[in-house]
Asker: 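The structure that follows is given in the form of structure tokens.
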Amino acid sequence: MSLFSELQKASSEEDVKDAYIKALHLKSYQKNLIDIQTKEVWFEAKVGCKVSTYAMFTQLCFYVAQALKEGEEIPPFLCVIDSVKAAIMETQTVYSLLNDKSVKIKWGKSASDVTQEALEVVSQYIGTHFVSFRIETQEKEFIDTVQKAIATGEIIRTQITPDNLKQVFDRWVEMIGREIKGIEPENYCLLFFADIMSDGTVSTHENLPAELLHRNNRPTFLLDGKLYELGNYDGYRKFWAIYNRPPEAEYRNYLLERRDSLIPTDERSFKGAYFTPLHVVEKAYELLNRTLGKNWQRDYIVWDMCCGVGNLETKHSNHRNIFMSTLDQADVDVMKAAKTCRAATRFQYDYLNDDITDDGKIDYSLTEKIPQNLRTAIAEAKAGKDAAGKPAKKILVLINPPYAESGEGINKGNKEKVAKTKFARTAMKEYGKATNELFTQFIARIAEEIPNATIAMFSTLKYVNATNFQDFRKKWNVSFLDGFIVHSKAFDGINGNFPIGFLIWKTYKENKEFPVEISCEVLDKDAKPIGQKSFYNLSSENFLSKWIKRASVNEEEVIALKNAVTEAGTGKWSDNAIAHFLCDSNDLQNAGQATAIFSSTVKIGHKGTCFVTPENLWQVAIVFSVRQLIPHTWINHNDQFLKPTSELSDEFKSDCLVWMLFNGKNLTAGADNLVWDNREWSITNHFIPYTEDEVNAPDRFESDFMVRYIEKLPHLSGTDSPFSFEARAVLEEGKKLWRAYFSATDERTVRDKYKLNRSDAGWYQIRGALKSRSESGDFPPVSFTAFETAYRTLTEKLRPLVYKYSFLR
């Protein structure tokens with residue numbers, strides 16, 4: 001268990017001491033007036049975190065003053081510790097204060113009773129000399145610092161490495177960045193690199209975007225010709241008491257390349273500042289070698305128009321063939337300072353806004369930013385020959401473009417930027433909703449600008465098979481050459497579990513249909529191959545979401561629900577409806593959260609819903625089950641559910657019905673006294689598969705629809721039942737739980753929580769009530785084990801049928 005975890009359980013000062021003794025592996029120590037006393041360190045300890053670091057050090061200074069007076073041995077280090085923070089200081093720091101005869105410190109009677117005067121004198125003196133730590137985030141650094149101090153006799157500052165870069169930057173912002181007068185937060189990372197890539201006087205890199213200077217012996221920063229001074233020098237001294245600079249030579253260029261990790265998340269999403277891991281880059285180059293030939297680096301001119309700090313090109317052996325452009329001039333400056341691809345042509349260029357006319361055409365004369373040799377290469381590639389009449393060099397677009405989408409998890413200002421880039425506004429009228437996605441805007445301009453290029457691109461797989469990109473796929477003329485997908489976790493700063501594809505495409509001017517199927521190698525987050533995966537470009541007419549016959553809305557007003565029995569407004573109903581089915585989105589990534597059945601209309605805001613009627617119930621049961629049976633993984637994240645391609649068996653239909661009835665997302669319920677808009681509402685449960693007698697219900701069920709529906713199901717061949725053995729087992733175990741529910745009356749809080757005021761309670765209500773009873777200890781516990789075993793068996797039977805009937809490919 002970590003030190004921080006131990007400290008959170010500490011209820012006394014002794015607990016705190018013991019936690020630190022254990023974490024620091026202290027061997028020879030005593031617990032006296034000084035809380036922990038070793039030959040090398042004296043510790044002052046507190047439980048909680050209310051006593052300041054300064055006050056604790058003042059108490060230790062009391063003991064040091066006494067020891068000096070009496071000629072006792074004093075350790076080289078003082079350390080203060082509590083439940084959340086710690087700090088260490090060299091004892092010699094306070095010797096000159098304590099030995100100064102002109103300074104008369106009124107200490108008080110004891111260390112625990114030092115005076116305010118003593119606290120003020122000591123605090124003023126030690127303020128910039130101790131190294132402090134937050135144990136929750138800096139536990140390792142603290143332990144390493146103390147152990148090294150004991151071993152070496154000096155406080156060894158923490159090295160800045162790729163592993164702690166983000167943590168060091170966040171602390172730099174807190175202690176230094178926010179104290180720099182007039183600087184915009186978006187420029188913190190530039191000043192941070194100027195600071196750490198200096199030994200305090202000399203920089204390790206020439207031509208960094210920002211520079212550390214000194215005026216009047218105080219640090220000052222130079223950026224874009226303007227000087228920025230510190231408002232408070234105290235934090236600066238404290239920060240550099242903790243960390244060592246500059247970083248080790250082996251890390252310096254790599255740290256500069258990781259500027260992306262320091263950019264705020266929403267800005268990174270918009271700018272596409274996601275560092276492509278080098279082990280993934282190596283796999284990309286291996287694939288390019290196989291696909292384009294071993295001489296591709298010689299035969300192709302490469303343009304990366306969103307290169308960031310250029311790590312995607314570091315594996316290229318012929319930099320003179322590379323053009324690298326990026327949105328931020330600071331990225332260009334970092335590349336030059338780090339000497340990244342120095343023989344390449346590197347320049348600032350806003351690909352989605354620069355050189356675009358008001359009618360969506362490309363005119364390089366608008367900015368004159370595109371180098372002449374790149375313009376020539378593009379013109380020759382379009383013509384197919386160079387000025388001498390020889391075959392022109394082919395162009396490869398090698399990119400890891402931005403993934404931001406208008407309406408996704410980025411701030412409002414950047415959402416608007418995504419949708420309103422000049423190219424999206426003027427040149428993408430035929431691309432449909434792909435206009436909302438930054439990386440498809442890049443593709444669309446490339447198609448206009450270099451219509452016969454080869455594109456090798458990292459991106460999500462939306463454009464390959466998602467519904468919103470059908471117009472895009474009709475417009476884009478390509479053939480698929482090869483590709484792989486890799487786990488999103490391979491990329492720092494990307495949340496979620498989904499595939500990032502590196503796909504290679506040959507583009508054409510016209511008349512080339514997007515492939516129906518592509519097959520990719522699958523790599524795990526370490527870029528190790530683990531299999532093969534196909535993706536399908538199918539018309540939305542084949543989607544399962546189009547399969548159910550949907551009933552029309554009538555004018556009947558009903559209560560709207562956001563859970564089984566939680567009121568959320570009002571809505572409309574449909575003739576003969578028995579439930580409302582939430583089935584939003586048609587892909588596997590959303591199915592888990594967007595599938596449920598309610599006894600009244602689902603709350604306003606969900607797009608994919610339909611009314612459940614006696615006529616479409618069999619389809620609803622199948623769609624419900626299919627959407628829930630296959631667990632979501634990062635590999636199947638983008639898979640689309642499809643209409644079945646063969647006749648479904650009666651057994652499969654009835655199995656799905658039972659599986660739906662006893663699934664946790666079956667939120668059908670019966671309840672009175674639901675209140676909304678000062679009116680009372682009721683909901684009726686039509687999904688009870690038992691009669692009142694079968695489950696010993698005390699009162700009549702409002703509806704016996706499901707019992708009558710089951711009676712009409714066709715019996716399976718060779719049986720006197722419409723259900724398979726596995727489905728019957730679930731029904732039997734479910735019946736036992738229903739009976740257990742009716743065998744007792746729940747306490748008032750449970751009845752109110754689940755609205756248990758009618759007999760026709762639903763599976764959601766019954767399950768919740770039984771589990772509440774078991775947790776309360778006031779009722780005999782009810783075991784769900786037999787039911788869960790039967791349900792799991794039915795699940796395992798149904799899962800392969802999802803693929804057999806082609807609901808998923």
Side-chain angles (χ1 to χ4, degrees), residues 7 10-21 24 26 29-135 142 145-146 149 155 175 179 231-239 241-242:
L7 291 172
S11 58
S12 68
E13 199 171 284
E14 287 302 312
D15 292 340
V16 172
K17 295 178 193 177
D18 290 341
Y20 278 96
I21 289 168
L24 293 169
L26 299 179
Y29 62 87
Q30 294 178 318
K31 296 180 181 179
N32 299 313
L33 286 175
I34 298 168
D35 290 328
I36 305 172
Q37 189 172 357
T38 73
K39 185 178 179 180
E40 299 86 5
V41 191
W42 284 354
F43 295 84
E44 177 67 25
K46 302 292 180 187
V47 66
C49 59
K50 293 183 179 179
V51 180
S52 74
T53 297
Y54 290 93
M56 289 192 281
F57 270 127
T58 302
Q59 292 182 29
L60 281 177
C61 286
F62 175 92
Y63 294 122
V64 174
Q66 281 193 328
L68 283 171
K69 183 178 179 181
E70 298 174 11
E72 295 177 352
E73 186 176 358
I74 300 172
F77 302 102
L78 305 175
C79 190
V80 299
I81 53 179
D82 68 17
S83 300
V84 301
K85 63 183 182 293
I88 187 170
M89 178 175 67
E90 293 183 5
T91 312
Q92 66 178 10
T93 299
V94 296
Y95 282 168
S96 57
L97 171 67
L98 300 179
N99 287 324
D100 189 343
K101 302 298 184 184
S102 66
V103 180
K104 302 294 184 182
I105 302 176
K106 296 180 180 179
W107 289 104
K109 295 180 180 179
S110 66
S112 59
D113 192 31
V114 293
T115 66
Q116 182 65 28
E117 178 187 335
L119 175 59
E120 291 175 359
V121 172
V122 173
S123 296
Q124 185 176 0
Y125 194 81
I126 69 172
T128 59
H129 294 285
F130 60 80
V131 182
S132 58
F133 304 87
R134 304 295 295 183
I135 299 303
F142 166 72
T145 299
V146 174
I155 296 176
M175 299 176 72
E179 295 293 342
N232 182 348
Y233 184 56
D234 184 51
Y236 192 87
R237 293 184 63 184
K238 285 182 179 179
F239 180 86
I242 301 170

Asker: Say you draw a straight line from CD1 of I88 to NE2 of H129; how long is it, rounded to the nearest 0.5 Å?
Answerer: 15.0 Å

Asker: Checking E120 now: which residues fulfil side chain to side chain donor-acceptor pair (under 3.5 Å) with it, not counting sequence neighbours?
Answerer: Q116

Asker: Going from CH2 on W42 to CG on L78, what distance comes out if it is rounded to the nearest 0.5 angstrom?
Answerer: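 Those atoms lie 8.0 Å apart.
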
Asker: Got a second to check how far I155's CD1 is from C79's SG, nearest 0.5 Å?
Answerer: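 Rounded to the nearest 0.5 Å, the CD1-SG separation comes out at 9.0 Å.
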
Asker: Going from SG on C61 to OH on Y95, what distance comes out if it is rounded to the nearest 0.5 angstrom?
Answerer: 10.5 Å

Asker: Once ring-ring contact (aromatic ring centres under 6.0 Å, His included) is applied, do any residues pair with F133, and if so which ones, sequence neighbours excluded?
Answerer: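 Testing F133 for ring-ring contact (aromatic ring centres under 6.0 Å, His included), a comparison that skips the adjacent residues, returns F142.
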
Asker: With a 4.5 Å cut-off on side-chain heavy atoms, are V94 and F57 touching?
Answerer: no

Asker: Do V80 and L60 touch side chain to side chain, with heavy atoms closer than 4.5 Å?
Answerer: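 Contact flag for V80/L60 side chains = yes.
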
Asker: Taking all atoms of both residues into account, what is the closest heavy-atom pair of P75 and T91, and its distance?
Answerer: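 So the minimum-distance heavy-atom pair works out to O-OG1, 2.8 Å.
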
Asker: Does a side-chain heavy-atom distance below 4.5 Å link W107 with V122?
Answerer: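 Side-chain contact under 4.5 Å: yes.
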
Asker: Is the closest side-chain heavy-atom distance between I126 and Y54 below 4.5 Å?
Answerer: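 Heavy-atom side-chain distance check passes, below 4.5 Å.
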
Asker: For E14, enumerate each residue passing the salt bridge (charged side-chain N to carboxylate O under 4.0 Å, His left out) test, keeping only those at least two apart in sequence or located in another chain.
Answerer: K17, K31

Asker: Could you tell me which non-hydrogen atom of V114 sits nearest to which non-hydrogen atom of A111, and how far apart they are?
Answerer: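 Nearest heavy atoms, V114 then A111: CG1-O, 3.3 Å.
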
Asker: Strictly by salt bridge (charged side-chain N to carboxylate O under 4.0 Å, His left out), give each pair with a member in residues 56-85 just once, sequence neighbours left out.
Answerer: D82-K85

Asker: Checking D100 now: which residues fulfil side chain to side chain donor-acceptor pair (under 3.5 Å) with it, not counting sequence neighbours?
Answerer: S102

Asker: Give me the atom names and distance for the closest heavy-atom approach of V16 to A10.
Answerer: CG2-CB, 3.9 Å

Asker: Indicate, with yes or no, if the rings of F43 and Y20 have centres closer together than 6.0 Å.
Answerer: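 Centroid separation for F43 and Y20: 6.0 Å or greater.
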
Asker: Let me confirm one number: the CD1-CD1 distance from I21 to I36, rounded to the nearest 0.5 Å.
Answerer: 4.0 Å

Asker: Tell me which pairs pass side-chain hydrogen bond (donor to acceptor under 3.5 Å, both in side chains) where either residue lies in residues 57-68, with sequence neighbours left out.
Answerer: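 The answer is K46-Q59.
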
Asker: Are any non-hydrogen side-chain atoms of R134 and V84 less than 4.5 angstrom apart?
Answerer: yes

Asker: If I compare all heavy atoms of A87 with all of T53, which pair ends up nearest, and what's the gap?
Answerer: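 The pair with the smallest heavy-atom distance is CB-CG2, 3.8 Å.
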
Asker: Given side chains that start at C-beta, do those of V47 and S83 come closer than 4.5 Å, heavy atoms only?
Answerer: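 They are in contact (side-chain heavy atoms under 4.5 Å apart), so the answer is yes.
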
Asker: Compare every heavy atom of A67 with every heavy atom of I74, then report the nearest pair and how far apart it is.
Answerer: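 Looking at all heavy atoms of both residues, the closest pair is CG1-CB, 3.7 Å.
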
Asker: Just wondering, do I242 and V131 contact through their side chains at under 4.5 Å, heavy atoms?
Answerer: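 Yes, at least one pair of side-chain atoms sits under 4.5 Å.
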
Asker: Could you walk me through whether F77 and M89 pass side chain to side chain contact (heavy atoms under 4.5 Å, CB included), step by step?
Answerer: CA-CA 6 Å; F77 302 102; M89 178 175 67; over 6 Å; no

Asker: Rounded to the nearest 0.5 Å, what's the gap from CG on L7 to CD1 on I81? Could you check?
Answerer: 8.5 Å

Asker: Sub-3.5 Å donor-acceptor pair from the side chain of T115 to the main-chain atoms of G108, do we have one?
Answerer: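 No, because the side chain of T115 does not come within donor-acceptor range (under 3.5 Å) of the backbone of G108.
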
